[in-house]
S.K.: 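Before anything else, here's the structure in question.
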Amino acid sequence: MASPEATGPGGKGEWGGCREVVEALRRLAGSRVAVFLHQNPDGDSLGSSLALADALRRLGAQPTVVAEDSFPAVYRFLQGTEGIQKAGDLAGTAFEAAIMPDVASPERLGASLALAETIPLWINIDHHGTNPGFGHARWVDPGRSSVGEMVLEVLWGLGVPISLQAAEAIYTAIMTDTGSFRYESVTPRVLRYAAYLVEQGVNPAKVAQQVYESMSASSFRLLAAALNSVRLEAGGRVAWLAVTRDMLAAAGAQRSETEGLVNYARSIEGVEVALLFMEEPGDQIRISFRAKEWADVGRVAAGLGGGGHRRAAGATLPGPLDEAVRVALAAVMEHLNEAGPAAAGEV
């Protein structure tokens with residue numbers, strides 16, 4: 001096989017930031033390794049984890065992809081999802097290493113954290129600016145569109161053959177975290193990497209159809225209910241919607257089926273910030289924030305104890321729902337008033 005320098009479309013040095021992680025992974029041959037999905041896993045979490053697990057098997061390791069709970073059914077077309085195991089079923093299993101792709105902080109593992117804390121070696125690959133830099137080996141780069149593109153560089157660094165299974169998983173990670181290559185995080189490098197993955201056999205039409213055109217009946221019912229809850233604030237600059245436990249039950253849907261709902265509110269003309277409020281167990285309200293052009297919702301979420309990116313972030317507040325809506329909207333309004341497009345330098 002050609003060297004990664006020759007194989008990678010960016011040329012030698014473009015993927016050099018992953019050296020520490022690559023060296024740690026090379027030492028895992030023969031080891032039992034847990035690859036952790038974060039809470040409410042998205043396409044980047046799933047695609048990155050599955051690709052890493054495939055590479056680890058090729059290195060002679062024994063990887064298991066671990067989830068706190070369920071994941072969106074639209075990703076079941078990815079090879080390897082059938083082997084994902086719940087953390088609660090792995091209690092007492094001795095793993096030598098834990099890999100945490102797309103995990104901005106240990107708390108993002110949710111109930112899986114108890115298992116992770118029994119593992120002596122942590123390896124973290126992430127692109128969130130709020131990441132404190134945890135893990136014994138880590139690579140954190142907020143300038144990346146997705147962890148998927150970082151994992152591709154890790155695989156080049158490892159020198160393992162990139163299977164069609166891994167290529168499809170990485171392409172899915174990049175595609176979903178860039179909003180189908182629509183977000184400002186898309187760079188020439190991202191498009192070169194996508195082209196490379198297509199050259200390895202990935203079918204973009206197939207992946208897009210599986211992710212965006214394979215909605216279950218329960219997801220469709222939930223979407224209808226959520227859209228009926230949409231409200232506009234601040235003269236149309238803010239839109240929010242909510243998913244309650246009753247709505248989930250009526251639709252026969254799982255929490256994992258809420259992925260992407262916030263983007264419908266973001267798509268409304270004139271909206272700069274969109275929010276999705278989701279009732280969680282324990283009277284907690286999970287909030288997803290999205291911004292369109294200039295708002296920094298990562299800053300808003302951080303002020304509420306959460307975090308994320310400038311255009312996509314999240315936080316969790318205590319219930320009830322009405323109070324969480326009031327608190328979050330107040331924080332968003334304060335940000336919009338203080339940091340308008342002129343203050344953000346984006347007009």
Side-chain angles (χ1 to χ4, degrees), residues 1 3-4 15-39 41 44-68 71 78-127 131 133-141 147-170 173:
M1 175 182 175
S3 69
W15 47 271
C18 63
R19 301 287 184 187
E20 180 181 344
V21 165
V22 167
E23 291 173 3
L25 293 177
R26 281 179 176 153
R27 293 192 289 267
L28 296 180
S31 300
R32 296 201 65 174
V33 181
V35 184
F36 285 90
L37 302 175
H38 61 59
Q39 285 179 304
D44 195 21
S45 176
L46 279 156
S48 298
S49 297
L50 292 171
L52 283 168
D54 181 75
L56 286 165
R57 276 189 288 271
R58 294 173 185 275
L59 288 172
Q62 303 171 54
T64 301
V65 179
V66 181
E68 176 194 45
F71 59 89
L78 292 173
Q79 293 184 53
T81 54
E82 68 283 354
I84 294 175
Q85 297 191 44
K86 293 185 178 180
D89 296 333
L90 294 168
T93 304
F95 291 101
E96 284 76 45
I99 305 177
M100 304 175 188
D102 200 35
V103 177
S105 69
E107 291 72 28
R108 283 288 283 140
L109 295 180
S112 298
L113 180 57
L115 174 63
E117 288 177 333
T118 69
I119 302 174
L121 174 66
W122 286 12
I123 301 172
N124 181 220
I125 309 171
D126 188 40
H127 69 138
N131 190 307
F134 71 95
H136 303 93
R138 56 187 175 270
W139 180 26
V140 179
D141 187 348
V147 171
E149 68 163 284
M150 300 170 73
V151 167
L152 180 56
E153 297 181 13
V154 168
L155 269 56
W156 284 330
L158 290 170
V160 297
I162 297 178
S163 66
L164 178 57
Q165 172 181 338
E168 193 170 64
I170 294 170

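In this chain, residues are counted from 1 in sequence order.
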S.K.: With sequence neighbours excluded, tell me which residues meet salt bridge (charged side-chain N to carboxylate O under 4.0 Å, His left out) with Asp54.
M.R.: Arg58
S.K.: If I take atom CD from residue Glu107 and atom NE2 from residue His38, how far apart are they, to the nearest 0.5 angstrom?
M.R.: 14.5 Å
S.K.: Among all residues two or more places apart in sequence or in another chain, which pass the side chain to side chain contact (heavy atoms under 4.5 Å, CB included) test with Glu96?
M.R.: Ser31, Arg32
S.K.: Nearest 0.5 angstrom please: Cys18 SG to Leu25 CG, how far?
M.R.: 9.0 Å
S.K.: Testing Asp102, Val103, Leu52 for side chain to side chain contact (heavy atoms under 4.5 Å, CB included) with Ile125, which one passes?
M.R.: Leu52
S.K.: Say whether, by atom type as modelled, one donor and one acceptor occur between the side chain of Arg138 and the main chain of Gly133 under 3.5 angstrom.
M.R.: yes
S.K.: Can you tell me how far apart CD1 (Ile123) and CG (Leu28) are? Round to the nearest 0.5 Å.
M.R.: 5.0 Å
S.K.: Just jot down the ring-ring contact (aromatic ring centres under 6.0 Å, His included) partners of His127, sequence neighbours excluded, or say none.
M.R.: His309
S.K.: What heavy-atom pair brings Val160 and Ala55 nearest, and what distance separates the two atoms?
M.R.: CG2-CB, 4.0 Å
S.K.: Ignoring hydrogens, what is the shortest heavy-atom contact between Leu46 and Pro41? Give both atom names and the distance.
M.R.: CG-CB, 4.3 Å
S.K.: Mind checking the OG-NZ spacing from Ser112 to Lys86? Nearest 0.5 Å is all I need.
M.R.: 11.0 Å
S.K.: If we only count heavy atoms from C-beta on, is the Val22 to Trp156 side-chain gap below 4.5 Å?
M.R.: no
S.K.: For Asp44 versus Gly148, what's the shortest heavy-atom pair and its separation?
M.R.: OD1-N, 2.9 Å
S.K.: Just verifying a value: how many Å separate Phe71 CZ and Leu78 CG, rounded to the nearest 0.5 Å?
M.R.: 8.5 Å
S.K.: Please check: side-chain N/O of Glu68 versus main-chain N/O of Ala111, any donor-acceptor pairing under 3.5 Å?
M.R.: yes
S.K.: Can you check side chain to side chain contact (heavy atoms under 4.5 Å, CB included) on Leu152 and Ile162, steps first, answer last?
M.R.: CA-CA 9 Å; Leu152 180 56; Ile162 297 178; 3.6 Å; yes
S.K.: Who are the salt bridge (charged side-chain N to carboxylate O under 4.0 Å, His left out) partners of Glu149, not counting sequence neighbours?
M.R.: Arg144, Arg189
S.K.: Would you compute the distance between atom CD of Glu23 and atom CG of Leu158 and round it to the nearest 0.5 angstrom?
M.R.: 10.5 Å
S.K.: Search all heavy atoms of Ala116 against all heavy atoms of Trp122 and return the closest pair with its distance.
M.R.: O-NE1, 3.0 Å
S.K.: Would a 4.5 Å heavy-atom cut-off, applied to side chains only, mark Pro63 and Arg57 as touching?
M.R.: yes
S.K.: Among all residues two or more places apart in sequence or in another chain, which pass the side chain to side chain contact (heavy atoms under 4.5 Å, CB included) test with Leu90?
M.R.: Thr64, Val66, Gln85, Thr93, Phe95, Leu115
S.K.: Go through the structure and list residues passing side chain to side chain contact (heavy atoms under 4.5 Å, CB included) with Ala51, not counting sequence neighbours.
M.R.: Val151, Ala166, Ala169, Ile170
S.K.: Among Asn124, Asp126, Val154, which one satisfies side chain to side chain contact (heavy atoms under 4.5 Å, CB included) with Trp139?
M.R.: Val154
